[in-house]
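Values below: every heavy atom of this structure, side chains too, minus hydrogens, waters and symmetry copies.
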Amino acid sequence: MIIESDLKLDFKDVLIRPKRSTLQSRNDVDLNRTFKFLHSGREWTGFPLIAANMDVVGTMPVARALARFGAMTALHKHYPADALISFFQEEEVGNVFYSLGMTEADHDKFAAVKAKAPVDKVCLDVANGYTERFVDFVARVREENPDIVIMAGNVVTGDMTEALLLAGADIVKVGIGPGSVCTTRKMTGVGYPQLSAIIECADAAHGLKGQVCGDGGCTVPGDLSKAYGAGADFVMLGGMLAGHDECEGDIRYEDRDGKSVPVAMTFYGMSSDTAMRKYAGGVAHYRASEGKTVEVPYRGPIEGTMQEIAGGVRSMMTYIGATKLKEVPKRTTFVRVGAQLNTVFG
Ligand code: 5GP
């Protein structure tokens, strides 16, 4: 048995120190990044935020709405092939990932969709990216699709980030256990503090000219700022994007002054009871660990939340004097803190 006693950090353990700058306003900063991907050689420019491939948020309407912000969406993998074919044929899909797990059924469905529609990005998603089988799977998908952007995960350490990049991934997804509806840490005791995971995996990936996507654990716009500061090239969000009109969750209505108004929406982990019941017998669940089912407040159109997130990140950039998102890690000094917020008013 080994005990690693280096301190590992989460978003809640740090703040970003302000720096002197000549920037005048939030409008002077650019949220877009341009990446040339390691294996596929493709280029992409946009706001590097990705809606998670979860039933409630990885939806086609979310994809359309986020594309307007230059942001991306990983569609959940439970859409039927026909719906995916029409979507990829009819929409501007430069900001959309097709998601698949390791089953043969997933593989066959992908082959059918790809034969008829232009899919150029895939998200290969398993709860535990540490198995040889997953590395082989990434290599197989790369061999069959030399020019498709492959994002693969999840892992939390530099060694495995390198292994996935060398197997053929362009982007490695980082995060085990930080998710808002994830119970992996509780059920298994396995995990890694997300800020440190991003710092370590980004360092490993950038050494090989690959990218990382920090996946899970962001609860407020400031957490995205910290993720970018830690070196995340992309940030994936589930819970922060749940509860909107473009999502696909059951809505709860309440009577207010004789009018029925939406107040809450369900949101659940992809290996929660809810997801398993929904797909039991059909698609095998791809998450080994458990997830939970919650109700989030109904928040109307997703545009408002996206504006808030983009506004928060822009403002962070003016505080540290970064004109471009790319400069953020270089201009980030994290300070360790004992407390983040003044909670006097709850
Ligand atoms: P959030 O932004 O909500 O904190 O985290 C979203 C991420 O949580 C997803 O992208 C995915 O990696 C992870 N996730 C989603 N569902 C489950 C689940 O049921 N169990 C676990 N362990 N993780 C999940």
Side-chain angles (χ1 to χ4, degrees), residues 11 16 19 21 23 25-52 62-63 65-74 92-97 120-123 148-153 161 165 169-175 194-195 197-199 201-216 218 221-237 240-241 305-332 334:
F11 297 131
I16 300 168
K19 291 215 161 98
S21 95
L23 282 172
S25 97
R26 296 178 192 197
N27 294 330
D28 295 342
V29 306
D30 180 5
L31 286 184
N32 289 322
R33 288 204 61 178
T34 296
F35 295 109
K36 187 167 165 78
F37 297 109
L38 176 62
H39 294 281
S40 57
R42 285 183 187 265
E43 264 199 22
W44 176 84
T45 299
F47 177 25
L49 176 161
I50 310 176
V62 166
L66 263 57
R68 291 197 280 277
F69 286 82
M72 308 221 244
T73 298
E92 188 54 57
V93 290
N95 284 358
V96 183
F97 286 85
D120 72 351
K121 294 184 184 64
V122 296
C123 171
I148 280 186
V149 177
I150 298 179
M151 175 161 70
T161 300
L165 289 171
D170 295 302
I171 308 166
V172 173
K173 208 145 64 72
V174 175
Q194 183 68 352
L195 187 85
I198 293 173
I199 293 171
C201 295
D203 189 48
H206 296 160
L208 294 176
K209 300 208 178 324
Q211 274 92 35
V212 292
C213 173
D215 175 21
C218 288
D223 291 342
L224 278 94
S225 297
K226 293 172 189 177
Y228 292 128
D233 302 288
F234 298 87
V235 176
M236 183 172 263
L237 300 179
M240 280 183 71
L241 299 180
T305 298
M306 283 297 292
Q307 266 162 6
E308 210 174 273
I309 293 172
V313 176
R314 280 178 188 285
S315 186
M316 169 276 288
M317 291 168 69
T318 60
Y319 272 112
I320 66 170
T323 344
K324 295 185 182 333
L325 195 54
K326 186 182 176 186
E327 296 161 13
V328 167
K330 275 189 295 223
R331 296 198 59 92
T332 294
F334 287 121

| said: Within this structure, what is the CG-NZ distance for the pair D233 and K326, rounded to the nearest 0.5 Å? | reply: 10.5 Å

| Under the side chain to side chain donor-acceptor pair (under 3.5 Å) test, which residues partner S40, sequence neighbours left out? | D170

| query | To the nearest 0.5 Å, how far apart are CZ in F97 and CE in M236? | reply | 7.0 Å

| task | Ignoring hydrogens and angles, tell me if any N or O in the side chain of R33 forms a donor-acceptor pair with the backbone of L325 under 3.5 Å. | result | no

| In Å, rounded to the nearest 0.5 Å, how long is the span from SG of C218 to CG of L224? | 4.5 Å

| message | With a 3.5 Å distance limit and no angle check, can you tell me whether R314 reaches the backbone of L31 through a side-chain donor-acceptor pair? | response | no

| field | Atom pair SG (C213) and CD1 (I50), whose distance is rounded to the nearest 0.5 Å | value | 4.0 Å

| F69 atom CZ, over 12 foreign heavy atoms within 6.0 Å | yes

| query | With sequence neighbours excluded, what pairs up with F11 under the ring-ring contact (aromatic ring centres under 6.0 Å, His included) test? | reply | none

| task | Check side-chain contact (heavy atoms from CB on, under 4.5 Å) between A230 and all other residues, then give those that pass, not counting sequence neighbours. | result | L195, I198, I199, F334

| request: For residues G94 and M72, report the shortest heavy-atom separation together with the two atoms involved. | output: O-SD, 4.4 Å

| What are the two closest heavy atoms between M317 and D30, and how far apart are they? | CE-O, 3.5 Å

| Non-hydrogen atoms of K173 and C123 that approach each other most closely | CE-SG, 3.8 Å

| V235 versus A227, closest heavy-atom pair with distance | CG2-CB, 3.7 Å

| task | Measure the shortest side-chain to side-chain distance between M306 and R68 over non-hydrogen atoms and say whether it is less than 4.5 angstrom. | result | no

| field | Q194 side, atom CD; C201 side, atom SG - distance, nearest 0.5 Å | value | 8.5 Å

| request: Could you tell me whether the side chain of V313 reaches within less than 4.5 Å of the side chain of Y228, counting heavy atoms only? | output: yes

| query | Taking side chain as C-beta onward, heavy atoms only, is E327 less than 4.5 Å from I320? | reply | no

| said: When you compare the side chain of N95 with that of L66, does any pair of heavy atoms fall below 4.5 Å? | reply: no

| K324, NZ atom: more than 12 neighbouring heavy atoms under 6.0 Å | no

| query | Taking only residues two or more places apart in sequence, or in another chain, which ones meet F35 in a ring-ring contact (aromatic ring centres under 6.0 Å, His included)? | reply | F234

| field | For the student: nearest non-hydrogen atoms of H39 and A169, plus distance | value | CD2-O, 3.1 Å

| Excluding sequence neighbours, so at least two apart, what forms side-chain contact (heavy atoms from CB on, under 4.5 Å) with A63? | T73, L75, F87, V96

| query | Just how far is it from atom NZ of K36 to atom OG1 of T45, taken to the nearest 0.5 Å? | reply | 11.5 Å

| task | Apply the test side-chain contact (heavy atoms from CB on, under 4.5 Å) to residues T318 and D28: give CA-CA distance (whole Å), side-chain angles for both, the deciding distance (0.1 Å), then the verdict. | result | CA-CA 8 Å; T318 60; D28 295 342; over 6 Å; no

| Closest approach of G231 to V212 (non-hydrogen atoms, all atoms of both residues) | O-CG2, 3.9 Å

| said: Looking at G312, is its backbone amide N or carbonyl O close enough to the side chain of S315 to form a donor-acceptor pair, meaning the two atoms are under 3.5 Å apart? | reply: no

| said: For P221, give me all partners under side-chain contact (heavy atoms from CB on, under 4.5 Å), at least two apart in sequence or on another chain. | reply: M240, I309

